[in-house]
Amino acid sequence: MNFSSLALSSPLLQVLEELDFQTVTPIQAQSIPVLLQGRDLVGQAKTGSGKTAAFALPILERIRLQHRRLQALVLCPTRELCAQVAGELRRLGRRLPGLQVLVLAGGQPVRPQVNALEKGAHIAVGTPGRILDLLQRESLETRQLATVVLDEADRMLDMGFREDMERILGATPPTRQTVLFSATFPPDIEALSRTFQKQPARVTVVESEAAPDIQQLCYVCEPEEKTALLLRILRQYQPASAIVFCNLKATVAELTRALTAAGVGADGLQGDMEQSERDSVMAKFRNRSIRMLIATDVAGRGIDVEALDAVINFDLPSQPESYVHRIGRTGRAGRRGLAISIATPRDERKVETLEGATGVKLERASVESLPPAEAKDGASLEAAWETLFISAGRKDKMRPGDILGALTGEAGGLNAADIGKIEIHDHHAYVAVSKDLVRLALQRLRDGRIKGRKFRIERVR
Ligand code: ADP
Ligand code: MG
């Protein structure tokens with residue numbers, strides 16, 4: 001696709017030709033038409049995918065040059081990024097006579113910025129802190145703002161700009177167009193979008209360069225055969241650590257029961273669980289006391305686990321971005337990931353939509369070649385570890401060495417190799433112990449002392 005098929009006017013098309021922008025990148029193809037209509041947008045695409053031009057071109061197209069008032073505001077996390085974005089706006093807008101783009105970043109004297117604003121400008125690119133400062137000085141006039149862009153919104157949140165961003169958005173006209181670009185979609189981005197955007201279009205692009213690290217398979221079966229098929233898939237791939245996504249919390253509960261009954265080390269995570277339950281399930285997953293974590297998208301949000309062997313879609317998500325978000329959890333840190341989807345014959349359309357959005361074809365795998373659902377010898381899907389809870393944590397000055405010491409010392413008598421991951425929280429701790437030694441470990445900890453004191457010790461099942 002080339003730029004002339006987009007509704008851009010000739011000064012912009014000419015510049016694009018001069019800059020040798022021959023083809024529209026996927027994020028641009030999907031975002032520019034939406035933004036030209038004035039709609040809100042949430043966009044996700046990796047670095048280098050051309051997000052700047054995706055919002056810059058529609059801004060430039062819609063700017064009224066003869067009207068020297070601030071019409072667009074772009075927030076970026078750092079001064080360097082502000083300079084880059086402003087540079088791109090100026091470059092793309094170089095055939096727009098009199099276009100004024102200002103950089104309003106921190107770390108520079110505020111006075112010249114105040115003066116420049118007084119002279120009038122069309123577009124400002126700034127860091128949240130400085131923009132808020134200029135707003136409070138009443139130097140920055142928001143009345144004519146038609147578009148506000150949050151570029152690299154996730155990074156701005158990480159850098160602690162949430163409140164500043166919220167206050168800036170709150171000070172701009174409610175009629176504004178709000179554009180949010182982010183490389184990731186943590187829950188706080190969703191929350192920001194919900195609060196400040198009006199029915200935003202969602203655009204997610206997985207570049208095909210990124211896809212080869214994840215093998216994406218699809219098995220098809222009838223709905224009533226899904227649980228048996230999942231067991232066969234697990235027996236085939238033997239993941240040490242995998243998340244199984246379901247669309248409904250009822251399915252999470254059912255599937256957790258079915259897998260546990262089949263001897264699989266699995267537990268479920270549901271959105272309405274109490275925080276303490278959620279914590280202990282996550283601790284078990286991290287320390288390998290369970291191998292499969294069953295979750296819905298909502299419950300699975302914000303889960304951050306390194307080194308997942310596989311992500312399995314027990315149900316296909318309806319939104320391509322959920323799919324992308326789900327499978328992005330495997331194949332990190334330079335390892336090839338595995339994403340397996342279970343589809344029913346009725347899901348064909350969903351599969352096509354996913355393939356369209358990701359630009360990757362799911363490999364149709366043969367159900368016949370999978371092992372049976374029933375356990376064979378030597379192919380256990382049990383977890384190797386079990387978790388003990390200890391009612392003391394960081395606030396009690398508990399350190400991993402104290403727990404290790406209590407288990408392996410003279411009184412404990414276990415080998416260090418039988419002790420797994422030790423996690424210390426504020427008021428409690430978890431320790432993983434070899435499954436067959438867990439009763440012994442429990443007995444020893446209950447009989448003995450840690451740091452010379454008695455604590456409550458429990459098995460976490
Ligand atoms: P992102 O913000 O997604 O990380 P940028 O907007 O910084 O990416 O774009 C990366 C580079 O690609 C920039 O140098 C930009 O000028 C260039 N670029 C963007 N879109 C195109 C295009 N359609 N054709 C050629 N180069 C492009
Ligand atoms: Mg960028």
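Values below: all heavy atoms of this structure, side chains included; hydrogens, waters and symmetry mates excluded. Counting starts at 1 for both ligands and their atoms, in listed order.
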Engineer: Is the charged tip of R202 near the ring of F185: under 6.0 Å from the six-membered ring centre and within 45° of its axis?
Structural biologist: yes

Engineer: Under a 4.0 Å heavy-atom cut-off, which residues neighbour ligand 1?
Structural biologist: F3, F21, T23, T25, Q28, K46, T47, G48, S49, G50, K51, T52, E88, R91

Engineer: Would you call the rings of Y430 and H428 parallel, tilted or perpendicular if under 30° counts as parallel and over 60° as perpendicular?
Structural biologist: perpendicular

Engineer: By side chain to side chain donor-acceptor pair (under 3.5 Å), which residues pair with R394, not counting sequence neighbours?
Structural biologist: D426

Engineer: In residues 101-117, what donor-acceptor pairs under 3.5 Å come from side-chain atoms, sequence neighbours left out?
Structural biologist:
residue: Q113; atom: OE1; partner: R130; partner atom: NH1; Å: 3.0
residue: Q113; atom: NE2; partner: A105; partner atom: O; Å: 3.1

Engineer: Who pairs with P33 by side chain to side chain contact (heavy atoms under 4.5 Å, CB included), at least two apart in sequence or on another chain?
Structural biologist: L6

Engineer: Run the numbers on K350 and S318 for side chain to side chain contact (heavy atoms under 4.5 Å, CB included), then give the verdict.
Structural biologist: CA-CA 7 Å; K350 268 193 196 173; S318 334; 4.2 Å; yes

